[in-house]
Structures are given as structure tokens and as C-alpha cells.
Amino acid sequence: MTRILNASGCLDALAVPEVARSLDVFVTKTVTPLPRAGNDPVRIAEADVGMLNSIGLANPGIDAFVRDHLPRIEALGVVLWVSVGGFSAEGFAHCCAILDAHASIEAIELNVSCPNVTAPADEASSIVAAARAATSKPLYAKLSPALPDITAVARAAEHAGADGLSLTNTLRGLVLDRGTLEPILATATGGLSGPALRPVALAAVYACAQASDLPIVGMGGVETGEHALALVAAGASDVALGTVLFADPAAAERVRVELDASARRRGFASTDDAFRRAHGLASPRPNAPVGPQEEHGLLPIMATEPVSL
Amino acid sequence: MSTRSVALRVRATECVGMYTLLRVQRGPIDPGLPGQFFMLRAEGLLLPRPMSLCTAAAGELGFLIDPIGTGTETLARLRRGDEVAVLGPLGHGFPLDATRPVLVGGGIGIAPLPYLSETLGRPPALLGFRSDAHAVAAELVPQADVVIDPVRVTEPLADLLVASPEATPLACGPEPMLEAVARLASHAWLAHEAPMACGYGACYGCVVPIDGELKRLCLEGPTVRASRLYEHCGDALSPAQARTAPEAGVAA
Ligand SMILES: Cc1cc2nc3c(=O)[nH]c(=O)nc-3n(C[C@H](O)[C@H](O)[C@H](O)COP(=O)(O)OP(=O)(O)OC[C@H]3O[C@@H](n4cnc5c(N)ncnc54)[C@H](O)[C@@H]3O)c2cc1C
Ligand SMILES: Cc1cc2nc3c(=O)[nH]c(=O)nc-3n(C[C@H](O)[C@H](O)[C@H](O)COP(=O)(O)O)c2cc1C
Ligand code: FES
């Protein structure tokens, strides 16, 4: 079953526990080794077909997170992923080592792709390798859609020990005040999310699903079940909601129902059918009875060559 | 806090001077306390926009809108029968037990005051506007004293505070006005503004310096005690100084 998560940084479970409980997994805002106040306001602006944010990874730092926030999140009884950020491979590893001790955390997402802070000095693959050495928890590498070759980075992350991919983070964008033509955000540029990201995220998921066997959390402009189904068809096993939550905090429930209805309407017995359709693989007849293998969700054979890195 | 946005029908939109009063069917929505706000979204907008509740007639929610950009223009253009998605009430309202409250509004900062004035049994109210056309909105607060630029609303406020220093200003307006009110009275309550994407603590977009750190205004406010927002507040400006302070202006 496709799980519905929130996109990191788009929900505070402690502010609205009932919204966090409406998700299959709650993902925290990115936590960094040291506390960060974040960027100065103005931090958000609506863009033509999306929104910009330049929050700048505001967070209490890993120590205060584990001490003050984690126990309160644990008390909510949600399935929990923690998003981790840093400015070096050691920073990521430091956070992962601390989180490793907490059984309540199902997985760790490595945010190697925030457009609002200085990029980490290290390559995604060395960050994943350092994190891998620091924890036995499943690691999801969250990649930027702006990478020149996202599949190469995805394969490198897989090779370095990632257990999954989160696709995608935001793209850099700029909005000018329509009167003065000055940038609205204090940082001038920010991360573009929402509908504008939809085709970009689809392309990233589609390419990475062909290039790697890792499970993918798809995100980028999902507002409806149709959007979620498209990501699943492109290759996502799970789907995360970001910007849509701002307008519709109850979106998870709605998207779940719509996703189910969208798949049924096409006669898909499982989400694999959607995947086959999008990837041009032998497509079953609509409503065809599903064999036991398919029910168990075996992915069709893909032409994935073992890669040497 | 309600976390379900509800699609409501517009009953009417009316011009009130330079502003638009958007009257929406109340549906199942609780009007909340004066100073609390709602996130409003209409067709064509990705993000909702924060709006204070202005009037709370039976079965209705009234929002006073200053159309300054895409979002507010879209909301102000709604017509009877159109749908608007409403989330709220959100945030903290004004204290209803303040000692001798005096309402202070600058420009569109009048928005939460009609409901507040009604709830508090019509306390004194001082309103400042940029022009006579904007000042038409003062009709929403019966018995208010109105000043027009270049007279600043902090001038009659300073006089009032000299006569009764224990009076508590409950103020909403542009930032320079709020700062000037804070300098006159550290115990004032100010309805602050910041661009907001969610209104319920999810996006961290709305931070302002409160108690010296960046905090989310949608959760801490939007009404905040002046002393938490401004360092040099209550600097006991004499009324004469208040009158000449350049930043005590009403920009809206
Ligand atoms: C709690 C709260 C209650 C509010 N209540 C009301 C109300 O009752 N009536 C009303 O008309 N407005 C109210 N506002 C302000 C209103 O929400 C903004 O004017 C609106 O979001 C602007 O959106 P826009 O798309 O029209 O303008 P944009 O195109 O986003 O902005 C136009 C210009 O205004 C600036 N701006 C945008 N938002 C703000 C802001 N919040 N404060 C200061 N400058 C801003 C932008 O930088 C830009 O220069 C309230 C704001 C808050 C936070
Ligand atoms: C306000 C805001 C804050 C965000 N903060 C983070 C963050 O802390 N860490 C992260 O990995 N991604 C962050 N993101 C990116 C989202 O997790 C997501 O990748 C992106 O918004 C695309 O999804 P969407 O179009 O559904 O919003 C943030 C996005 C927004 C809009
Ligand atoms: S408006 Fe989103 S956190 Fe305050």
C-alpha cells in the first residue's frame, strides 16, 4: 500500500497532533548538528504556479531536538522519520549516531539538497556513506531536482548504502514585488514548491526508478489522488505532501481516498499496474485477475545494469 | 484549534470606503475571539491569506479587505454565491479583561476592531486613516474618534494615556504605528502581521522577533504584548514628543 507522508518542513506534529496522526508517517523538519535560527523574514511568497520559501533550516539542533522535542513527538504515537541536515559528512553522521539509539525512529532522511543554505561541502555519496557507518536505521537520501544527472547521484547513494530515495526537494526560484520589482524574500531567492514542481518531480522519480532499485518517496506539488497516482506510476512507492498541507491540513485523508478511487477507476488491481503503464512494460488487461506474485508487489524486471562507481 | 478548512459561500461583498467587506456564510465555523484570524483561500490562489474577523453578525463571518496584492484582490473580487475555503479561528485574540481598554487602529488595522468593540461593550476607540475615503471604514466602529493624515492616531492616544495612564491600548495597524504605541505603553497589546503560508504552525514562514528570538506569529500571536515585541517600549514619551515622533505615522 502506498503510504502518505508529509514532506519535511511542511508540518509540525507538536502544533497539530491530529494532522500528524492523519499521515502514515510523520517526517520532522530537518534537524542539524547545531541550533539554527533560520533566515530573516520575509521567508515565504506565493509565486506564479507555486510558492517560494527561504526558511533556512530553522531548528533547535540535534541535542535539544532529542532532549525536548523527541519525547513529545513519541508521545503522539506516530510512525516517525527524522530528517537530518548538516554542512559536512561528519555533521550528518553525528546526528545519525545520536538518533540511532532511539527505537521510536523508523528511518532517517538525509537532506542533502536544501536550496536555502550553503550546500554541504561533501558529495551526497560521502554523506550517505558516513551516515551509513553511524546508524543501522534505514536511510533515505533526499535529492535536489536541479542535479545535472540525478540518476548518477541516486546510484551513488544506493552504492554508498542508502535504503531509499526522497524525490524531490525544491528548485531555486525568485519572486519580485510586482510594484517595486525588489525581491520579496529577504534572501532574494528561495525554494520553489507546489504545482510548478510536479512535472519536475515526476521526471526525477521516473528516471531514478529506472536507474535504481531503491524504494522512492515521491513528492512535489501533490494536491490530489491523481497527482499521487502519477508519482506512483512514475516509480514512487510512497508519496509525501508538502505545500498542499498549508491550504488543506486535512489533505492526507482526502488524497488517500482519491488515490484509491483513481487507481480503481483505471481498473488497476495494484499500484504495480500503474507503474507498468507509465514505464511501457507489458500492461495487463484492465480488471484482469491479479496473480499471487503481483499481489505481493514484485516489481517487474528492469534493465538495471550493476554499476561500478 | 480547528484543522479542517471549510468551503463556505459568499453572501455579499460591499465597498466600505477604499476597503471591501467580504460577508461569508458562517456554516459550522466558530467565530472565535476578537483578534483571532482565519486563513481564506479562493479559486486561483495556491496559498490562503490571513484575515482578522471583522464582524460577527448572526450566521455570518465578515472580513474587511484592503486589496494590496494578488491574494487580497482575488478575495475582494468574490461575489455572492462564490466559494471561499476558510480555516480557523487561529491564533490568540486580544485579552478581553484588559484594564480600561482603548482600541487603536491604523488604516486596514481597523479590521479586528468592530468585533472587538462590540464584544467589549464599545470602549473608546481611536482610528487613523490616510484619507477621507479610507476613513469611511470608521463607520464600522460606532463612536470612534477619527484622525486623518498628517495627524497621527498616537497623538490623541498620548493625551488619553496622560489622563488615564492605566488604560490599555489594544492596537492593530502598520508596523510604525505599532512601534509608536509600544513606546507610549509597554502594557499595550498589538496585533502584529507577517506573511503567512499556513496559519497553524506548519511552515515557519511567519516568524517575527518575539522575546528576542524569531517565533512563529501564527502560534504566539497575532496579538502580542508590546513589551515582547519591542525593546524600547514604554519609554514614557511625553505627549508633545509623541506628537512629533516621525515614525508614529499611519501609513495605511
Ligand atoms: C493575522 C493577520 C490578520 C490579517 N488581517 C487582515 C485583514 O483583516 N484585512 C486585510 O486586508 N489584511 C489583513 N492581513 C494582511 C493580509 O493577510 C495581507 O495583506 C495579504 O496576505 C497580502 O497578500 P496579497 O497576495 O494580497 O499581497 P502580496 O502580493 O503577497 O503582497 C503585496 C505587498 O504587501 C506586502 N505584504 C504581504 N503580506 C504582508 C503582511 N502580512 N504584512 C505586511 N506586508 C505584507 C508584500 O511584501 C508586498 O509588498 C492580516 C495579516 C495577518 C498576519
Ligand atoms: C516551507 C517549507 C519548508 C521546507 N523545509 C524543508 C526542510 O526542512 N527539509 C527538507 O528536506 N525539505 C524541506 N522542504 C521541501 C519539502 O519537503 C518538499 O521537498 C518540497 O516542498 C516539494 O513538495 P511540495 O511541492 O509538495 O511542497 C520545505 C518546503 C517548504 C514549502
Ligand atoms: S504561518 Fe505557517 S508557521 Fe505561521
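Remember, predicted model here, so these are calculated numbers, not experimental data. Residue numbers start from 1 in every chain, and the chains themselves are labelled A, B, ... in the order their sequence lines are given, proteins ahead of strands.
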Go through the atoms of [X] and report whether side chain, backbone, both or neither lie under 4.5 Å from a heavy atom of chain A.
X	answer
B:Ala85	neither
B:Leu87	side chain
B:Leu47	both
B:Leu40	neither

Contact summary for [X] and [Y], nearest pair of heavy atoms:
X	Y	answer
B:Arg41	A:Ala247	NE-CB, 3.5 Å
B:Pro195	A:Val42	CG-CG1, 3.9 Å
B:Arg216	A:Asp12	NH1-OD2, 2.8 Å

Distance (rounded to the nearest 0.5 Å) between A:Met51 CE and B:Cys203 SG
6.0 Å
What distance separates A:Asp248 CG from B:Thr3 OG1, expressed to the nearest 0.5 Å?
10.0 Å
Flag the one option from B:Met39, B:Glu213, B:Arg49 with the top tally of heavy-atom pairs under 4.5 Å to chain A.
B:Arg49
Between B:Leu214, B:Leu45, B:Val207, who has the most heavy-atom pairs with chain A when the cutoff is under 4.5 Å?
B:Val207
Answer whether the closest heavy-atom distance between the side chains of B:Leu46 and A:Pro195 falls below 4.5 Å.
yes
Taking CZ in B:Arg80 as the centre, count heavy atoms belonging to other residues, nucleotides or ligands within less than 6.0 Å. Is the count above 12?
no
Got more than 12 heavy atoms from elsewhere within 6.0 Å of CG, A:Asp48?
no
Which residue pairs pass the ring-ring contact (aromatic ring centres under 6.0 Å, His included) test when at least one of the two sits in residues 170-217 of chain B, sequence neighbours left out?
none
Under a 4.0 Å threshold between the charged nitrogen and the carboxylate oxygen, would B:Arg4 count as salt-bridged to A:Glu18?
no
Assert top hit (heavy-atom pairs under 4.5 Å, partner chain B, pool A:Gly9, A:Ala251, A:Pro249, A:Pro41) equals A:Pro249
